[in-house]
Structures are given as structure tokens and as C-alpha cells.
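Beneath this line is the structure, given in C-alpha cells, with notes to follow.
No hydrogens, no waters, no symmetry mates; every other heavy atom, side chains included, goes into these values. When a ligand or atom number is given, it counts from 1 through the structure's own listing order.
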Amino acid sequence: MKLIRFSVGTQVHWGILEGANIQAIRLPDLEPTGQVFSSSEVQMLVPAAPSKIICVGKNYAAHAAEMGGEVPVEPGLFLKGANTLTHHGATVAYPAWTENLHFEGELGLVIKTQARKISPEQALSHVLGYTCAIDLTARDKQRADLQWFRAKSADDFLPFGPHLETNLDPSTSRVSTRINGEIRQDSSTSNMIYNVPFVISYVSQFMTLEAGDVIITGTPDGVGALQPNDHIEVTVAGVGTLETRIGDKA
Ligand code: MG
């Protein structure tokens, strides 16, 4: 099932997308409100409104190796600000203050119901759905700054979408990234060091996950530099493709 978040006028809704038809729903039960829309009359939004965005670094051994680091002995977590979220089809300006903007294609997910101190076995029942994410990273500033704050949390540094897929096995999803049509990352979530249930459970031991919170699960190997006007496509098999264009330096 494809879940979308959209607006009609000033009203924001969640809905189930079936072809060009949208059935408005209430979360978390996906209960229909009775309102039906056509996709041509709504404005599609990022399918998440999180209180926090939790990211896993170096969660694929081949990526940890290409970054010149060891495989972490515990999940390497960091946060991105909610200001980073941007929608499918967005153009993201190439920030003037970096010389090394990188793409990282990832599996993302949104939390459905509050999770606190839950087990890995309980974790997937707290997931609303899965989607594609691009963890944009100013690699030069990641190395230069004391923390990854600027490198990871600049405006629009998290294209996310286009919709959430409720029916996905996150343990065996192919994640691939194309830049200007050329394949640059191609792996499977089965190569994750810390799988999705483990990560959700791990985080929930010290931080309450609220409905709407976002987790992005780490990138496979093959990351690289972007240039103005590059076209990025991240595909999670079983979900779809997220497209983003890099704009001029600004
Ligand atoms: Mg990443």
C-alpha cells in the first residue's frame, strides 16, 4: 500500500494512493475519513512530519571501508534537522560553502506508533512505511568541523519519498543510486551491519521514538561527489524511485 502526505488548500492529509485516486486516511490505523481526491488536485508533500530524524552511519561494511574507517562496534548514529527534508522532484541548491557535496542513497522509514524500550521482535510493528532517502553530505565539512552539524543538516539535505510503502521486507531490499542515469550504488539491505529491527530497538532504549519520526538506515558503498545540474535517482525495490536535481551554487 502506498501512503502519501498531501495538502489541499491549507489542509494537510495522509492518504492511500491507488492510481490517480487518493483515499484520505487517519493515522495510525489507516482508517478512511471518507474523503476522496484526485492526485491532480492535491499538492504532494514529504511523507513525514518528524520530531527527529535519526541516521545510521557506516552501516554497510563496504561503505565503512571506502570511508577508510573500521566497522563500528555499535551503531554510529547522528541526527539531521527537520529543515533537511525535501520532497520528490525537488531541486537542491549546491551550497556555496562546500566543495565536496556527496550523495548517499538509503532506505528510510517512518515510525507509526510510539516506541520506547522495545525489542527487535517488536520493532517492525512500529513502522508506518518505508521509502527512499538521499543523505546529502558536505564531505569536506564532515571532516573539517568539530561535529557533522553543517555537513549533514543544511537545508534540503534530505530528499525523502515519494511515498511510504507499507508492505516491504526491509531485510532484503535492493537499494540503488543512479547519477545522470549511470548506476553508482547497488546493494541490498541484507548487507547492513545493524538491521532495521535492531536499529529501532537500539535507539528506543535511550530515546523515545514518536509517531512520525524518521530513520535513515545508512548507505552502501559507491558514494561520490555531485556537480550542479546532476540528476539523482534512488530506487528501493518494492517502493519506487526518488528523484532530485542539484541546482546551481548558491
Ligand atoms: Mg548516510
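In this structure, Arg150 satisfies the cation-pi test against Trp97, with its NZ or CZ atom closer than 6.0 Å to the six-membered ring centre and inside 45 degrees of the ring normal.
Closest approach between the Mg ion (ligand 1) and any N/O/S atom of Glu104 involves OE1. The name of the N, O or S atom in Glu106 nearest to the Mg ion (ligand 1) is OE2. Considering just the N/O/S atoms of Asp135, the one nearest the Mg ion (ligand 1) carries the name OD2.
Looking at Glu104 and Lys152, a side-chain N of the basic residue comes within less than 4.0 Å of a carboxylate O on the acidic one, giving a salt bridge. With respect to the salt-bridge test (charged N to carboxylate O, under 4.0 angstrom), the residues Glu210 and Lys112 do not qualify.
Within a 6.0 Å sphere centred on CD of Gln147, heavy atoms belonging to other residues, nucleotides or ligands number 12 at most.
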